[in-house]
Amino acid sequence: MSKVITSRELDYSKWYNDIVVEADMADHSAVRGCMVIKPHGYAIWEKMQQALDKMFKDTGHVNAYFPLFIPKSLFEAEEKNAEGFAKECAVVTHYRLKTDPNNPGKLIVDPEAKLEEELVVRPTSEAIIWNTYKGWIESYRDLPLLINQWANVVRWEMRTRLFLRTAEFLWQEGHTAHATKEEALEETKRMLDVYANFAENWMAMPVIKGVKTASERFAGADDTYCIEALMQDGKALQAGTSHFLGQNFAKAFDVKFATKEGKREHVWATSWGVSTRLMGALIMSHSDNNGLVIPPRLAPTQVVMVPIYKGEDGLKKVSEVAHALKEKLQAKNISVKYDDRDSQRPGWKFAEYELKGIPVRIAIGERDLANGTVEIARRDLLSKEIIKLEYVDTYVAKLLEDIQSNLYNKALERTKCMTYKVDTYADFKKTLDEKPGFILAHWDGTAETEEKIKEETKATIRCIPLNNEQENGLCIYSGKHSTQRVLFARAY
RNA sequence: CGGGGUGUAGCGUAGCCCGGUAUCGCGCCUGCUUUGGGAGCAGGAGGUCGUCAGUUCGAAUCUGGCCACCCCGACCA
């Protein structure tokens with residue numbers, strides 16, 4: 001073993017970091033808090049982008065691109081939004097460097113080149129987009145405006161972790177404008193459903209849809225909807241958010257439209273986003289001590305074929321069969337890589353592709369040629385079977401689907417097993433420490449109680465689940481009356 | 001940003017307390033033998049010891065600044 005991954009049981013966060021680095025997904029860069037996404041990681045992100053982008057377009061959205069920089073005066077227009085992000089903004093103050101007269105060969109910021117107005121590197125794009133929308137929206141005929149952008153944003157975080165929290169991250173942000181409140185609310189929930197659908201059907205990651213409490217709300221939103229997923233270690237991860245922005249940005253940027261009746265009204269807005277954090281969610285949903293596990297629908301390479309042979313002639317014979325099989329699989333829209341490098345031995349390749357999470361591995365040796373078979377191994381269960389060559393394409397097509405649903409079912413089962421109903425504060429604390437996971441408990445609905453619980457236990461209200469079952473109970477903290485349980489957890 | 005720790009070849013490390021020729025393993029290169037779960041043997045290359053300054057005849061080693069990373073807090077998608 002030349003590459004060793006710390007076991008989950010020994011140190012979960014070290015395990016996570018090992019997977020990211022050893023599976024060749026990303027690495028720390030020379031820039032504080034920023035990562036380099038390597039080809040294998042980026043290929044998975046591209047698969048996510050493709051699937052999401054199609055879903056956005058299928059729901060009527062189009063892509064556009066807005067600037068990285070936001071003039072400070074625009075940024076501060078929506079007060080709550082500005083306040084919420086102010087503490088973590090990178091700010092451009094100068095536009096030129098010059099050689100240091102005291103230190104030849106070194107550069108300093110040219111004090112002569114100070115910007116009249118500072119530029120904020122976008123932590124999110126509402127400000128610049130709504131400033132732009134002002135010029136685009138005049139009449140109800142211009143609505144709804146349904147735009148998405150794929151972009152990078154910067155949030156100057158104190159502590160960073162690969163994919164889960166980096167100073168710069170990649171994401172998509174949808175920004176829509178509507179004539180009515182109802183329509184905007186409908187859009188907010190539609191996109192939440194898109195995210196939940198993507199998480200479950202592509203990432204094989206079950207999620208809880210819900211609405212955030214006031215204190216966890218996006219700065220500038222009237223309501224924040226979210227999908228919350230439970231990771232293997234029992235900590236929750238917010239995997240996507242969809243915000244109902246009311247008329248806050250329309251008012252801040254004075255975006256009005258003429259109604260059919262000729263009246264002038266502020267438009268209603270939504271914004272919604274998912275980021276490269278989903279990569280972290282993917283890892284912590286399925287991977288094991290042998291490395292990454294990628295659900296087939298997001299795997300850039302779904303099947304890897306490894307030849308086993310003696311000598312050049314052996315490789316030639318095996319390759320003939322392998323190439324034919326590769327084409328057969330590709331005809332079924334399966335992405336296949338044939339790794340015929342002579343520089344690595346089969347055992348090395350097996351371990352390598354396992355580490356990188358390739359869902360299916362096919363080994364073809366000279367013994368198989370004689371028997372008309374191949375050996376097929378699945379990454380999720382680490383099991384192997386010998387399959388007749390003529391059935392391989394249909395077998396693999398079915399196997400990929402099996403792996404996809406097995407991963408989802410396993411994650412769903414785990415989430416269910418790690419979700420607890422508790423009725424007393426003592427139980428609540430005990431559960432958090434001994435059996436981390438989701439906790440459904442009664443809450444009196446006040447921000448004070450929420451804050452106290454957070455202070456004392458580090459657990460937060462992840463969301464109030466949608467279509468939540470209504471039942472009378474007593475708040476675990478204050479003992480006051482409550483009508484429903486909310487979802488608590490310690491979170492990433 | 002506060003507390004603690006780390007930084008030596010691509011990776012992991014020894015050496016540091018007590019200043020004087022930089023250790024070992026993996027990986028890499030060449031050749032031969034190998035190839036059904038991370039191959040074996042032989043030979044070889046690779047280092048301004050994170051960085052900048054200071055102390056010293058001499059610094060990986062002592063002192064200070066800076067940078068990055070890890071752990072624990074506060075902040076957060």
Side-chain angles (χ1 to χ4, degrees), chain A residues 1-6 11-14 16-18 21-22 27-35 84-89 103 106 123-124 153-173 195 212 215-219 224 226-229 236-243 271-281 290-291 306-312 314-315 318 339-355 361-371 373-375 377 382 384 386 454-455 458 460 462 491-492:
Chain A
M1 294 275 275
S2 63
K3 286 178 180 169
V4 183
I5 291 185
T6 307
D11 185 339
Y12 193 80
S13 63
K14 199 157 190 297
Y16 173 82
N17 210 63
D18 283 354
V21 174
E22 299 301 340
D27 218 337
H28 296 285
S29 71
V31 191
R32 184 198 170 294
C34 297
M35 64 179 164
F85 285 101
K87 302 183 299 293
E88 46 186 330
C89 286
N103 204 347
K106 302 283 180 181
T124 181
V153 287
V154 170
R155 296 182 188 175
W156 215 258
E157 300 289 352
M158 296 303 175
R159 271 179 72 187
T160 57
R161 294 191 68 190
L162 293 172
F163 287 121
L164 294 175
R165 184 173 303 109
T166 46
E168 180 195 18
F169 57 92
L170 306 185
W171 77 345
Q172 60 67 219
E173 44 181 330
Y195 289 154
K212 289 286 185 189
S215 59
E216 297 278 330
R217 208 173 270 159
F218 176 75
T224 288
C226 63
I227 51 171
E228 293 284 329
L237 184 80
Q238 179 174 305
T241 47
S242 183
H243 314 292
S271 70
W272 28 273
V274 294
S275 70
T276 36
R277 175 179 251 200
L278 289 179
M279 298 285 288
N290 293 302
V306 177
I308 299 161
Y309 56 90
K310 294 189 207 306
E312 264 180 55
L315 177 58
V318 170
D339 186 353
D340 59 353
R341 285 177 299 171
D342 191 43
S343 54
Q344 306 294 352
R345 299 168 79 256
W348 188 92
K349 292 176 186 173
F350 293 174
E352 185 69 9
Y353 291 113
E354 234 159 67
L355 181 62
R361 181 187 72 234
I362 301 179
I364 311 178
E366 292 179 70
R367 192 197 302 161
D368 292 304
L369 296 189
N371 299 335
T373 59
V374 297
E375 179 193 84
L382 294 167
K384 296 187 259 198
I386 305 292
K454 183 179 175 181
E455 254 173 50
K458 287 179 215 155
T460 49
R462 303 314 306 156
Y492 276 98

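None of these values were measured; they are calculated from a predicted model. Below, read A as the first sequence line, B as the second, and so on, with proteins coming before strands; counting in each chain starts at 1.
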Tightest non-hydrogen contact, residues A:Asp339 and A:Pro307, listed as O-CD, 3.0 Å
Between C1' of B:rG36 and CD1 of A:Ile362, the distance in whole Å:
15 Å
Any donor-acceptor N/O pair, A:Tyr195 side chain to A:Cys226 backbone, under 3.5 Å
no
If we take the C1' atom in both B:rC62 and B:rG43, what is their distance in whole Å?
41 Å
Answer yes or no: is there a donor N or O on one side and an acceptor on the other, between the side chain of A:Glu366 and the main chain of A:Ile308, under 3.5 Å?
no
Kindly say whether, by distance alone, the side chain of A:Glu352 makes a donor-acceptor pair under 3.5 Å with the base of B:rG38?
yes
Just checking A:Thr241: base, sugar-phosphate only, or nothing, at a heavy-atom cut-off of under 4.0 Å?
nothing
B:rU8 and B:rC70, which share atom name P, separated by this distance in whole Å
15 Å
Which nucleotides of nucleotides 65-73 of chain B have their base under 4.0 Å from a protein heavy atom (B), which only their sugar-phosphate (S), and which neither (-), written as one string 5' to 3'?
---SSSSBB
When you compare B:rU21 with B:rA59, how far apart are their P atoms, in angstrom units rounded to a whole number?
11 Å
In terms of heavy-atom contacts, A:Trp171 and A:Thr124 come closest through CH2-OG1, 3.6 Å
For B:rC57 versus B:rA45, give the span between their C1' atoms, rounded off to a whole number of Å.
34 Å
Could you pick out which residue, A:Glu354 or A:Glu455, lies toward the 5' side of RNA chain B when each is mapped onto its nearest nucleotide?
A:Glu354
Output for pair (A:Leu315 CG, A:Lys310 NZ), nearest 0.5 Å, gives 13.5 Å
Among the nucleotides B:rG36, B:rG38, B:rC75, whichever has the atom closest to the side chain of A:Glu157 is B:rC75
Quick check: does any side chain N or O of A:Arg155 sit under 3.5 Å from a backbone N or O of A:Pro123, one acting as donor and the other as acceptor?
yes
Select one nucleotide: of B:rU35, B:rG38, B:rC75, the one nearest the side-chain heavy atoms of A:Tyr309.
B:rU35
Nucleotide B:rG38, atom P - distance to CZ of A:Phe350 in whole Å
10 Å
Atom CD of A:Glu455: over 12 foreign heavy atoms under 6.0 Å
yes
Distance from A:Thr160 atom OG1 to A:Met35 atom CE, nearest 0.5 Å?
9.5 Å
Ignoring hydrogens and geometry, is there a side-chain-to-backbone donor-acceptor pair from A:Tyr309 to A:Ile364 under 3.5 Å?
no
In whole angstroms, how far is the C1' atom of B:rU35 from the CZ atom of A:Arg341?
14 Å
Could you check how far CG of A:Asp339 sits from P of B:rG37, rounded to whole Å?
16 Å
Please measure how far the P atom in B:rU56 lies from the corresponding atom in B:rG19, and state the result in whole Å.
16 Å
Is the phosphate of B:rC75, meaning OP1 or OP2, less than 4.0 Å from a side-chain N or O of A:Lys87?
no
With sugar-phosphate meaning primed atoms plus P, OP1 and OP2, does A:Phe169 contact a base, only sugar-phosphate, or nothing at under 4.0 Å between heavy atoms?
base
Closest heavy-atom contact between A:Gln344 and A:Lys349?
O-CE, 3.4 Å
Using the C1' atom as the point on both nucleotides, what is the distance between B:rA9 and B:rG46, in whole Å?
6 Å
Would you classify A:Thr373 as touching base, sugar-phosphate or nothing, given that sugar-phosphate means primed atoms plus P, OP1 and OP2, and contacts are heavy atoms under 4.0 Å?
nothing
A:Arg367 side chain N/O closer than 4.0 Å to the phosphate oxygens (OP1, OP2) of B:rG36?
no
A:Glu312 vs A:Glu88, nearer the 5' end of RNA chain B by closest nucleotide:
A:Glu312
Select one nucleotide: of B:rG38, B:rU34, B:rG36, the one nearest the side-chain heavy atoms of A:Asp342.
B:rU34
With rounding to whole Å, what would you report as the distance between B:rG47 and B:rC24 at their C1' atoms?
15 Å
How is A:Leu237 classified with respect to the nucleic acid when contacts are heavy atoms under 4.0 Å: base, sugar-phosphate, or nothing?
nothing
Geometric class of the A:His243/A:Phe218 ring pair [parallel <30°, tilted 30-60°, perpendicular >60°]
parallel
At less than 3.5 Å, do the side-chain atoms of A:Arg361 and the base atoms of B:rG37 form a donor-acceptor pair?
yes
Considering only the C1' atoms, how many Å lie between B:rU51 and B:rU6, rounded to the nearest integer?
15 Å
Would you write the dot-bracket representation of RNA chain B, where each base gets (, ), [, ], | or . depending on whether it forms a Watson-Crick or G-U pair under 3.5 Å and with which partner?
((((((((.[[[..)....(...]]].((((((.....)))))).....[[[[[..)....]]]]])))))))....
Would A:Arg217 and A:Ser215 count as having a side-chain donor-acceptor pair, cut-off 3.5 Å?
no
Calculate the interatomic distance between A:Trp156 atom CH2 and B:rA74 atom C1'; express it in whole Å.
19 Å
Rounding to an integer number of Å, can you tell me how far A:Gln238 CD sits from B:rC75 P?
15 Å
Rounded to whole Å, how long is the line connecting atom CD1 of A:Ile308 with atom C1' of B:rU34?
14 Å
A:Lys384 NZ to B:rG36 P, in whole Å, measures 11 Å
